Q: 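Before anything else, here's the structure in question.
We name chains A, B, ... by the order of the sequence lines, and we start the count at 1 in each one. As the structure is a prediction and not an experimental result, all values here were calculated from the model.
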There are 2 protein chains.
Amino acid sequence: MEPDDRLLRQFVGYNMKRAFIPVQEDVSETLATLGLRVGTFSALAVIMASPGISQTQLSQVLNIKRSGVVLVVDELEGMGAVERMPVESDRRAYALQVTPEGRKLWQRAESAVQAHEAALFADLAPEELRVLRGLLDRAARSGARRRRGEKQ
Amino acid sequence: MEPDDRLLRQFVGYNMKRAFIPVQEDVSETLATLGLRVGTFSALAVIMASPGISQTQLSQVLNIKRSGVVLVVDELEGMGAVERMPVESDRRAYALQVTPEGRKLWQRAESAVQAHEAALFADLAPEELRVLRGLLDRAARSGARRRRGEKQ
DNA sequence: TATTGTTATACTCTATAACTATA
DNA sequence: TATAGTTATAGAGTATAACAATA
């Protein structure tokens with residue numbers, strides 16, 4: 001009887017984690033060559049897609065705490081990729097914006113991660129990857145709804 | 001323009017992480033009621049399926065370091081769920097075994113996690129969940145092979 | 001009173017490296 | 001010399017809680 005994880009394979013969550021491990025390792029290494037981490041890469045993507053977003057909004061989209069956003073934005077700002085702009089109507093808040101340098105950085109990072117995902121998932125057909133993304137999206141929505149419902 | 005993560009949704013890895021977050025939260029809470037963590041639950045499952053497994057083998061199956069296995073086995077042993085048995089042929093090693101109490105604990109934990117996954121993924125048909133598990137398995141193998149290949 | 005951003009702190013998980021006892 | 005298990009320590013990522021400025 002050779003050791004294995006057969007009792008764990010029945011769980012969808014275990015398979016998610018197992019599939020995610022090599023992706024996370026590979027993406028982390030890829031982003032590191034550009035001076036990014038997964039957290040700063042994700043934040044940059046959201047600010048790209050939502051110029052003027054506040055840190056609190058960013059924390060909600062990324063599903064992390066506001067205190068964590070501070071560190072991520074500090075890092076992006078330190079790299080010259082993002083700026084904290086004042087908000088006229090609310091002097092407590094910042095409107096986050098991607099600088100021209102940040103745009104270039106995003107494009108390089110996006111291409112690099114696309115290439116690395118293509119290599120990582122080379123055994124799956126494009127059609128299968130679409131199905132996988134779709135099912136993961138449905139699973140994420142289902143799980144999030146269930147979790148929200150429980151708390152109420 | 002309301003803030004969103006649309007630039008991240010293109011990546012399979014991001015969707016994996018997003019789907020995994022509610023699962024991990026829910027499973028952690030579920031297991032906590034039984035005195036287990038995800039790490040001890042996973043180890044218990046592997047030792048259940050592979051009686052006599054060594055700590056080094058367990059570290060390989062769970063994809064963690066031997067130093068981490070020590071803490072997990074300490075915890076399971078402290079709960080009376082697992083025993084470190086001497087190995088006749090090698091006095092450095094232990095043969096890990098699940099106790100009768102550990103078996104009962106596993107069965108309760110397995111049922112609890114099955115029930116919580118069913119609730120979490122209620123929006124997906126059983127057929128879809130099978131497809132999802134299958135695609136995640138293929139993605140995990142593809143990613144792991146690619147990562148191994150790179151290192152050589 | 002509530003909210004935005006901030007800071008300091010703590011916790012969890014895991015990795016690294018040095019050690020021991022055996023092989 | 002190499003390996004199994006152990007220990008101590010450190011790092012990454014994130015959470016909590018208290019705070020100042022502003023609403």
Q: Can you list every ring pair (Phe, Tyr, Trp, His ring centres under 6.0 Å) pair that touches residues 2-37 of chain A, not counting sequence neighbours?
A: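 Pairs touching residues 2-37 of chain A that pass the test: A/Phe11-B/Phe41.
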
Q: Is any side-chain heavy atom of A/Leu124 closer than 4.5 Å to one of B/Ser142?
A: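 A side-chain contact under 4.5 Å exists here.
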
Q: In residues 31-47 of chain B, which residues come under 4.0 Å of DNA chain D by heavy atom?
A: none

Q: Check this for me, if you would: do A/Arg133 and A/Asp137 make a salt bridge, where the nitrogen-to-carboxylate-oxygen distance has to be below 4.0 angstrom?
A: no

Q: Evaluate the side-chain proximity of A/Arg9 to A/Asn15: yes if any heavy-atom separation is below 4.5 Å, no if none is.
A: yes

Q: Enumerate the salt bridge (Lys or Arg N to Asp or Glu O under 4.0 Å) contacts for residues 106-132 of chain B, please, sequence neighbours excluded, ordered by first and then second residue.
A: A/Arg138-B/Glu128, A/Arg145-B/Asp123, B/Glu127-B/Arg130

Q: For nucleotides 16-23 of chain D, read 5' to 3', which letter fits each nucleotide if B means a protein heavy atom sits under 4.0 Å from the base, S means only the sugar-phosphate is that close, and - means neither?
A: BB---BBS

Q: Would you check if B/Leu7 and A/Val46 make a side-chain contact, meaning some heavy-atom pair closer than 4.5 Å?
A: no

Q: Once you round it to whole Å, what is the distance between C1' of D/dG5 and CE of B/Met85?
A: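 Going from B/Met85 (CE) to D/dG5 (C1'), I get 17 Å.
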
Q: Would you indicate whether the side-chain heavy atoms of A/Leu36 and A/Leu105 approach each other to under 4.5 Å?
A: yes

Q: Where each residue is assigned the nucleotide of DNA chain C containing its nearest heavy atom, which of A/Lys17 and A/Ala93 is assigned the position nearer the 5′ end?
A: A/Ala93

Q: Among all residues two or more places apart in sequence or in another chain, which pass the salt bridge (charged side-chain N to carboxylate O under 4.0 Å, His left out) test with A/Glu88?
A: none

Q: Taking the side chain as every heavy atom from C-beta outward, state whether A/Arg84 and A/Val73 have any pair of such atoms under 4.5 Å apart.
A: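 Heavy-atom side-chain distance check passes, below 4.5 Å.
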
Q: Using the test side-chain contact (heavy atoms from CB on, under 4.5 Å), find all partners of B/Glu75 that sit at least two apart in sequence or belong to another chain.
A: B/Arg37, B/Thr40

Q: Taking only residues two or more places apart in sequence or in another chain, which ones pass side-chain contact (heavy atoms from CB on, under 4.5 Å) with B/Thr30?
A: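 Counting only residues at least two positions away or on another chain, B/Thr30 forms a side-chain contact (heavy atoms from CB on, under 4.5 Å) with B/Asp26, B/Ala112, B/His116.
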
Q: Which ones in residues 72-82 of chain B lie close to DNA chain D, meaning a heavy atom under 4.0 Å from one of its atoms?
A: none

Q: Quickly work out the A/Ile64 CD1 to D/dA12 P distance and round it to whole Å.
A: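 Result: 16 Å.
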
Q: Determine which pairs satisfy side-chain hydrogen bond (donor to acceptor under 3.5 Å, both in side chains) with at least one residue from residues 56-66 of chain A, sequence neighbours left out, and list them in order.
A: A/Ser54-A/Gln57

Q: Name all residues meeting the side-chain contact (heavy atoms from CB on, under 4.5 Å) criterion together with A/Glu83; count only those two or more places apart in sequence or in a different chain, and write none if there are none.
A: A/Met85, A/Thr99

Q: Give the residues of residues 8-15 of chain A touching DNA chain C, defined as any heavy atom closer than 4.0 Å, sorted by residue number.
A: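 Heavy-atom cutoff 4.0 Å gives no residues at all.
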
Q: Under 4.0 Å from a heavy atom of chain B: give me the 5'-most and 3'-most nucleotides of DNA chain C that qualify.
A: C/dC13 to C/dA23

Q: When the distance from CG of B/Leu58 to C1' of D/dT6 is rounded to whole Å, what number comes out?
A: 15 Å

Q: Indicate yes or no: at least one non-hydrogen side-chain atom of B/Leu136 is less than 4.5 angstrom from one of A/Leu136.
A: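 Yes, side chains in contact.
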
Q: Mark yes or no for whether B/Gln107, through its side chain, and B/Lys104, through its backbone, hold a donor-acceptor pair below 3.5 Å.
A: no

